Amino acid sequence: MDVILFGPPGAGKGTQGALLAERLNIPRISTGDILRQAVRDGTPLGQKAGAIMKAGELVPDDVILGLVRDALNADAAVGGAVFDGFPRTVEQARALDDILSESARPLSAVLVLDVDDETLVKRLAGRRQCPNCGAVHNRYFSPPQTEGRCDRCGAPLTQRADDQEDTVRRRLEVYGSQTAPLLRYYEDSATPVHRVDGTGTVDEVQERLRQVLDS
Ligand code: AP5
């Protein structure tokens, strides 16, 4: 089964994608995670992509498509994958169709997470991560007990480079102008498109996704 989790920055694609992938026993392919790892590793790709991501813009299609091809060639992805943050342009969507049709794998569904803009901004601009244990806090929804310190391990919390509020707003603009139009591409295709309310608790959203996929 190949499923796309679609939605604006902060809609919960990563959070829900991880749970969905575990339940379906297939890998989650997150182009954002792959790029951030390349930035951390200081590879030539990371050096090129880092500045683009920090500005809230999209990394060029040819770069992204190379990454996705590599991820799909991994053994774990032969039975399908949950795509998180990919595709983001019509060119990427067409390329994914071609790649999947080479192995006779029709796309099973596009799941669209709907969340209002103000909630998205708070989720992202308020996000603080622990570089030590990976815990995620939010200064609006789940503030740490000690300002700037991880509740779980006490390490200083950090903010993702593209989670500054002005960059968050730019990411939302880029989503609206370059990625949201892609929905029309899928609505005109044979792949079912399902809109799911992405607000509420993580478990509530996951249950909605489960019901849609089961149906
Ligand atoms: P990417 O990593 O894909 O980021 P994004 O889609 O912009 O946004 P996030 O990952 O922050 O949001 P999400 O929807 O995954 O939500 P999450 O679960 O994290 O891309 C980053 C950059 O890389 C792009 O800007 C671009 O430069 C580049 N890039 C990546 N892919 C590309 C591509 N295909 N083409 C070109 N460029 C590409 O949740 C967000 C927060 O909300 C978390 O703190 C989470 O804990 C919280 N949260 C989640 N669900 C809930 C809930 N139900 N209630 C309360 N809080 C919640």
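Values reported hereafter were calculated over all heavy atoms of this structure, with side chains retained and with hydrogens, waters and symmetry mates removed. All of these numbers come straight from a predicted model, not from anything done at the bench. All ligand and atom numbering here is 1-based and tracks the order in the structure.
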Would you please say whether a donor-acceptor pair under 3.5 Å links the side chains of Gln92 and Asp61? yes
If you have a sec, work out which protein heavy atom is nearest atom 31 (N) of ligand 1 and how many Å separate them, to one decimal? Thr31 OG1, 2.7 Å
Of the backbone atoms (N, CA, C, O) and the side-chain heavy atoms from C-beta on, which set of Val174 has a member under 4.0 Å from an atom of ligand 1: side chain, backbone, both, or neither? neither
Subset of ligand 1 atoms that lie under 4.0 Å from at least one heavy atom of Ile64: 32 (C), 33 (C), 34 (N), 35 (N), 36 (C), 37 (N), 38 (C)
Starting from atom 27 (O) of ligand 1, which protein heavy atom do you reach first, and at what distance in Å? Glu57 O, 2.5 Å
Should Phe6 and Thr179 count as side-chain neighbours, where that means a heavy-atom distance under 4.5 Å? yes
For atom 16 (O) of ligand 1, the closest protein heavy atom turns out to be Gly12 N, 3.1 Å
Please work out which of Gln129, Arg88, Gln178 has its closest non-hydrogen atom nearest to atom 5 (P) of ligand 1. Arg88
Sub-4.0 Å atoms of ligand 1 with respect to non-hydrogen atoms of Gly85: 31 (N), 32 (C), 33 (C), 34 (N)
Should Leu20 and Tyr186 be counted in the same cluster of Ile, Leu, Val, Met, Phe, Trp and Tyr side chains packed under 4.5 Å apart? no
Is Glu147 salt-bridged to Arg139, going by a charged N under 4.0 Å from an acidic O? no
For the residue pair Ala81 and Ile29, what are the closest heavy atoms and their distance? CB-CD1, 3.8 Å
Any idea which part of Gln16 is under 4.0 Å from ligand 1, heavy-atom wise: side chain, backbone, both or neither? neither
Is it the side chain (CB and beyond), the backbone, both or neither of Leu35 that lies under 4.0 Å from ligand 1, heavy atoms counted? side chain
Starting from atom 22 (C) of ligand 1, which protein heavy atom do you reach first, and at what distance in Å? Met53 CE, 3.9 Å
Could you tell me whether some N/O pair between Val205 and ligand 1 is separated by less than 3.5 angstrom? no
Would you mind running through ligand 1 and noting each atom that sits below 4.0 Å from a heavy atom of Gly14? 13 (P), 15 (O), 18 (O)
Provide the number and element of each atom of ligand 1 under 4.0 Å from a heavy atom of Pro8. 14 (O)
If you have a sec, work out which protein heavy atom is nearest atom 52 (C) of ligand 1 and how many Å separate them, to one decimal? Arg123 NH2, 3.3 Å
Quick one: does Phe86 get an N or O within less than 3.5 Å of an N or O on ligand 1? no
Note: heavy atom closest to atom 21 (C) of ligand 1, options Lys13, Arg36, Arg170, belongs to Arg36
Lys/Arg-Asp/Glu bridge criterion (N-O < 4.0 Å) met for Glu165, Arg169: yes
Atoms of ligand 1, numbered as shown, that sit under 4.0 Å from any heavy atom of Arg171: 4 (O), 5 (P), 7 (O), 8 (O), 9 (P), 11 (O)
Below 3.5 angstrom, do we get any N/O pair linking Asp33 and ligand 1? no
What residue and heavy atom of the protein are closest to atom 35 (N) of ligand 1, and at what distance? Gln92 NE2, 3.0 Å
With the threshold set at under 4.0 angstrom, would you say Ala11 reaches ligand 1 through any of its heavy atoms? yes
Suppose we measure from atom 53 (N) of ligand 1 to each protein heavy atom; which comes out shortest, and what is that distance? Gly200 O, 2.9 Å
Checking heavy atoms under 4.0 Å, the part of Leu58 that sits near ligand 1 is both
Salt bridge present between Asp163 and Arg171 (N-O < 4.0 angstrom): yes
Quick one: look up the protein heavy atom nearest atom 10 (O) of ligand 1 and list residue, atom name and how far away it is. Arg160 NH1, 3.5 Å
So is Arg127 polar-close to ligand 1, meaning N/O to N/O under 3.5 Å? yes
Any side-chain donor-acceptor pair under 3.5 Å between Gln211 and Arg208? no
CA sep, side-chain torsions, deciding dist, call: Arg195, Leu183, side chain to side chain contact (heavy atoms under 4.5 Å, CB included): CA-CA 11 Å; Arg195 300 199 81 109; Leu183 266 185; 3.5 Å; yes
Contact atoms of ligand 1, heavy-atom distance to Thr15 under 4.0 Å: 17 (P), 18 (O), 39 (O), 45 (C), 49 (C)
Would you mind running through ligand 1 and noting each atom that sits below 4.0 Å from a heavy atom of Leu124? 11 (O), 40 (C)
If you look at every heavy atom in Leu5 and Lys13, which pair is closest and at what distance? CD1-O, 3.4 Å
For ligand 1, the portion of Val136 having any non-hydrogen atom under 4.0 Å away: side chain
Checking side chain to side chain contact (heavy atoms under 4.5 Å, CB included) for the pair Gln164/Gln159: CA distance, chi angles, key distance, verdict? CA-CA 8 Å; Gln164 298 285 340; Gln159 187 175 29; 3.3 Å; yes
Are any of the side-chain nitrogens in Arg94 or Glu91 under 4.0 Å away from the carboxylate oxygens of its partner? no
